[in-house]
Amino acid sequence: MQDDTPTQTTERPVQAPKRLGSPALAIRGASGQTRRRLLLGLAIVAAAAGGWWALGRAPEVGFLRPVVGDAAEVVYATGNVEPVRWAKVTAVQRKRIVELCDCEGKTVAQGQVLARLDDAEERAILAELIARLDRHLADAARLKRLSRSKVSPEATYEEKQTQVREYEARVNAQKERIADLVLRAPMNGVVLRKSGEVGEIAGTGPGDVLFWVGEPLPLRITAEVNEEDILRVKRGQVVLLRHEGHDGPPLRAKVGETTPMGDPASKTFRVYFDLPDDTPLRVGMSVEANVVVREAKGVLLLAGETLGDGQVQIVEAGRVRLRPVTTGIRGTRMVEIVAGVGPGDQVISPFRRDLAEGSRVRPRVGAAP
């Protein structure tokens, strides 16, 4: 018997292949070897793109604009503060100090005793010389009487007189040596400094000064100026002074006298700067001085680091342009610009020798315009 019951069949729809819409999906859908090839290719492309971006990126530079200010041409010098009238008191003999005045910072009169040195040996020698002189005087008086009575020749009396004068000179010289052991004030003034104590040996070297005596006012600075700059230093020029202990504006002085002859060893000339009476500087201080040779008011100024071989680098539309400039006064940091740059120009700072004309540049982050 034939079974007429219909048989049911199920048909599955045919699915279209999936599209890999991204490299990541393509890599996941590819085989292992193909996946490695795709990763290698992407790495090469990424490295090439990074290199192109790094090479094509413009270098960063700093910018400055010229500023309006005052410029001054100066001559540099160093010196020490000293009184105009003062003197050093030293011992002319190497002797022990037996007396020393308590007069530092006090006013003294000319001839006042400041110190006494040991003179025991010198006084003993003086006593001996006086004794010999007295003996020669007595002999001279006796020979004088004998020569008048024709008992002794006149020549003997004259020889004795010569000895008397010789010992008189010796006694006077010895008294001078004793007087030199008493140190006196050479002038009216103030004892600026005292050195040494009782019991010490006072020497005769250049550094063995016992007293500095001088007038507290007026004061001046004794400075040394190099011989190549001395021709620009003139009497009456303004001097700006700097001392490490002074925090305010620069102190002022004026150029005074200049020594006619320089020191050929150090190649310097000595110049005196006159200080005003109200100066806060004290005797013995060391200062740095700038003698103002020439001044310019309201001029364009640029930092010295922006200049290279008489030209600057200007930025125009993102590119470097070399522009020659004419300079005037040169300071330690700023330079006067006479011509070549305007107030609105953007100047690369510092000067970049690795940037050619027309090179692209971009401002450094945080660089001042």
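Every value quoted in this text rests on a predicted model; they were computed, and no experiment measured them. What you see below is based on every heavy atom in this structure, not just the backbone, and it leaves out hydrogens, waters and symmetry mates.
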Is [Y] reachable from [X] through a run of I, L, V, M, F, W or Y residues, each pair having side-chain heavy atoms under 4.5 Å apart?
X: L217; Y: W212; value: yes
X: Y272; Y: V287; value: no
X: V271; Y: V293; value: yes
X: V341; Y: L307; value: yes
X: L302; Y: F63; value: no

For D354, which residues count as a side chain to side chain donor-acceptor pair (under 3.5 Å) partner, sequence neighbours excluded? R352

Which pair of non-hydrogen atoms, one from [X] and one from [Y], has the smallest distance, and what is that distance?
X: A223; Y: F273; result: CB-CE1, 3.5 Å
X: L300; Y: P66; result: CD2-CB, 4.1 Å
X: S286; Y: N80; result: CB-OD1, 3.4 Å
X: V320; Y: A356; result: CB-O, 3.8 Å
X: P59; Y: L355; result: CG-CD2, 3.8 Å
X: V190; Y: P216; result: CG2-CD, 3.9 Å

Running the 4.5 Å side-chain criterion over Ile, Leu, Val, Met, Phe, Trp and Tyr, what cluster does [X] land in, apart from itself?
X: I329; value: none
X: V84; value: none
X: L181; value: V89, I97, L100, V108, L114, L117, L183, M187, V191, V198, L210, F211, V213
X: V171; value: I125, L126, L129, I130, L133, L137, V164, Y167, I178

Once rounded to the nearest 0.5 Å, what's the spacing between atom [atom1] of [X] and atom [atom2] of [Y]?
X: R142; Y: Y157; atom1: CZ; atom2: OH; result: 12.5 Å
X: R220; Y: R85; atom1: CZ; atom2: CZ; result: 11.0 Å
X: T107; Y: N188; atom1: OG1; atom2: CG; result: 9.5 Å
X: T78; Y: E224; atom1: OG1; atom2: CD; result: 7.0 Å
X: C103; Y: Q112; atom1: SG; atom2: CD; result: 7.0 Å
X: E228; Y: K267; atom1: CD; atom2: NZ; result: 9.5 Å

Look at the side chain of S147 and the backbone N and O of K144, then say whether any donor-acceptor pair between them is shorter than 3.5 Å. yes

So do [Y] and [X] actually touch side chain to side chain, heavy atoms under 4.5 Å?
X: R170; Y: E166; value: yes
X: T327; Y: I337; value: yes
X: V312; Y: I314; value: yes
X: R362; Y: V61; value: no
X: R323; Y: E316; value: yes
X: L251; Y: P280; value: yes
X: L322; Y: Q313; value: yes
X: V74; Y: L240; value: no

For residues 178-200, which residue pairs qualify under ring-ring contact (aromatic ring centres under 6.0 Å, His included), counting only residues two or more places apart or in two chains? none

Do any pairs count as a ring-ring contact (aromatic ring centres under 6.0 Å, His included) and have a residue in residues 291-326, sequence neighbours left out, and if so which ones? none

Side chain to side chain donor-acceptor pair (under 3.5 Å) partner of Q163, the single match among R135, R132, E168, H136: H136

Indicate every side-chain donor-acceptor pair of residues 253-265 with a distance under 3.5 Å to a residue at least two apart or in another chain.
{"residue": "E257", "atom": "OE2", "partner": "R235", "partner atom": "NH1", "Å": "2.6"}
{"residue": "T259", "atom": "OG1", "partner": "M261", "partner atom": "O", "Å": "3.4"}
{"residue": "T259", "atom": "OG1", "partner": "R270", "partner atom": "N", "Å": "3.2"}
{"residue": "T259", "atom": "OG1", "partner": "R270", "partner atom": "O", "Å": "3.1"}
{"residue": "D263", "atom": "OD1", "partner": "A265", "partner atom": "N", "Å": "3.0"}
{"residue": "D263", "atom": "OD2", "partner": "S266", "partner atom": "OG", "Å": "3.2"}

More than 12 heavy atoms from other groups under 6.0 Å of [atom1] on [X]:
X: E244; atom1: CD; result: no
X: E159; atom1: CD; result: no
X: R360; atom1: CZ; result: no

Determine, stepwise, if the pair Y76 / D229 fulfils side-chain contact (heavy atoms from CB on, under 4.5 Å). CA-CA 9 Å; Y76 178 79; D229 297 326; over 6 Å; no

Would you mind checking if E200 and R96 are paired as a salt bridge, meaning a charged N to carboxylate O distance below 4.0 Å? no

Non-neighbouring partners of E99 that pass salt bridge (charged side-chain N to carboxylate O under 4.0 Å, His left out), sequence neighbours left out: R116

Could I get the full list of salt bridge (charged side-chain N to carboxylate O under 4.0 Å, His left out) partners for E122, not counting sequence neighbours? K95

Which residues pass the ring-ring contact (aromatic ring centres under 6.0 Å, His included) test with F351, not counting sequence neighbours? none

Which pairs with one or both residues in residues 171-199 pass salt bridge (Lys or Arg N to Asp or Glu O under 4.0 Å), sequence neighbours excluded? none

Start with the C-alpha distance between L241 and L275, add both sets of side-chain angles, then the distance that settles side-chain contact (heavy atoms from CB on, under 4.5 Å), and finish with yes or no. CA-CA 10 Å; L241 307 174; L275 288 169; 3.5 Å; yes

R353 vs D309, side-chain contact (heavy atoms from CB on, under 4.5 Å): CA-CA, chis, key distance, verdict: CA-CA 10 Å; R353 298 186 181 276; D309 301 328; 2.9 Å; yes

